[in-house]
Amino acid sequence: ALDLLRPQDLEGRRVLISAGGTREPLDPVRYLGNRSSGRQGVALAEAARSRGAAVTLVAAHLEVPAPAGVVVERVGTAREIEASLRAHAASHDTIIMAAAVADFRPRAVAEEKIKKDASEGGLSLELERTPDIIAGLSEHRAPGQRIVGFAAETASDEDALLALGAAKARRKGVDLLVLNRVGWAEGFGTEDNAVIVLDATGVELARVAGDKLSVAHRILDVIP
Ligand code: CTP
Ligand code: CA
């Protein structure tokens, strides 16, 4: 019902959003994962849809339901999220990369469950780097396509946070970088969020705090 009151300012836009966290299998029963719940990405999908956009949500292990009215593609690993985003990128004018993608995955996946008795003194895992998906997408972007990245940092103070964010915005080739501070107690699985939005050069554009749906709307407001 609230949607009727919303300006349909994203009518005609096609927005591709990734959300959640990838899991990289170690063996048939275990994985390396992260603490992303997918809430902020899902809120962005909901907000964009309510403003008239056609939304495709690439969802990795969401802890919350996907919103109604969006096309959902379920993925698990960094490889799968990359394949899905690449397949959909060209048909969307805006890409928002809210998913937490594994930076490393086990170099080899064990075919059988790893047994503890074979490793009395402990176990070392050999990990390999995953590709930087957003950097690849921004390298091959279509003319006029907007790309929004996220960065969650455990910076000690705000200056350090802004410095890390600015460097990342430039390195990734994104139009916007949504920056937030995370720690053991902050940033994950919560209803609220507090973010700083940086432009492509690392300059601060907006500061937003509140529930994840209002933060989503404010992020959409500053996408060019
Ligand atoms: N990202 C990506 N592919 C990866 C890792 C991250 O596309 N393999 C995206 C994330 O979805 C996010 C942005 O890059 O939008 C920043 O992610 P982040 O983890 O903060 O940056 P990294 O470049 O992975 O650097 P680091 O984790 O070392 O800080
Ligand atoms: Ca990372």
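Bear in mind that the values here come from a model prediction, so they are computed numbers and not experimental data. Note that ligands are numbered from 1 as they come in the structure, with each ligand's atoms numbered from 1 the same way.
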Please report the closest heavy-atom contact between L57 and A19, naming both atoms and the distance.
CD1-CB, 3.9 Å
Please tell me whether H217 and R6 have a donor and an acceptor in their side chains that are separated by less than 3.5 angstrom.
yes
Indicate yes or no: does E82 engage R79 in a salt bridge with an N to O separation below 4.0 Å.
no
Positive for side chain to side chain contact (heavy atoms under 4.5 Å, CB included) with M97, one of V174, V148, L177, I133:
I133
Might you list the protein residues in contact with ligand 1, defined as having a heavy atom under 4.0 Å from one of its atoms, sorted by chain and number?
M97, A99, V101, A102, D103, T130, P131, D132, I133, I134, G149, F150, A151, K168, R171, K172
Flag, side chain of S119 to backbone of K116, donor-acceptor distance under 3.5 Å
no
Decide whether N34 and S36 meet the rule of one side-chain donor and one side-chain acceptor closer than 3.5 Å.
no
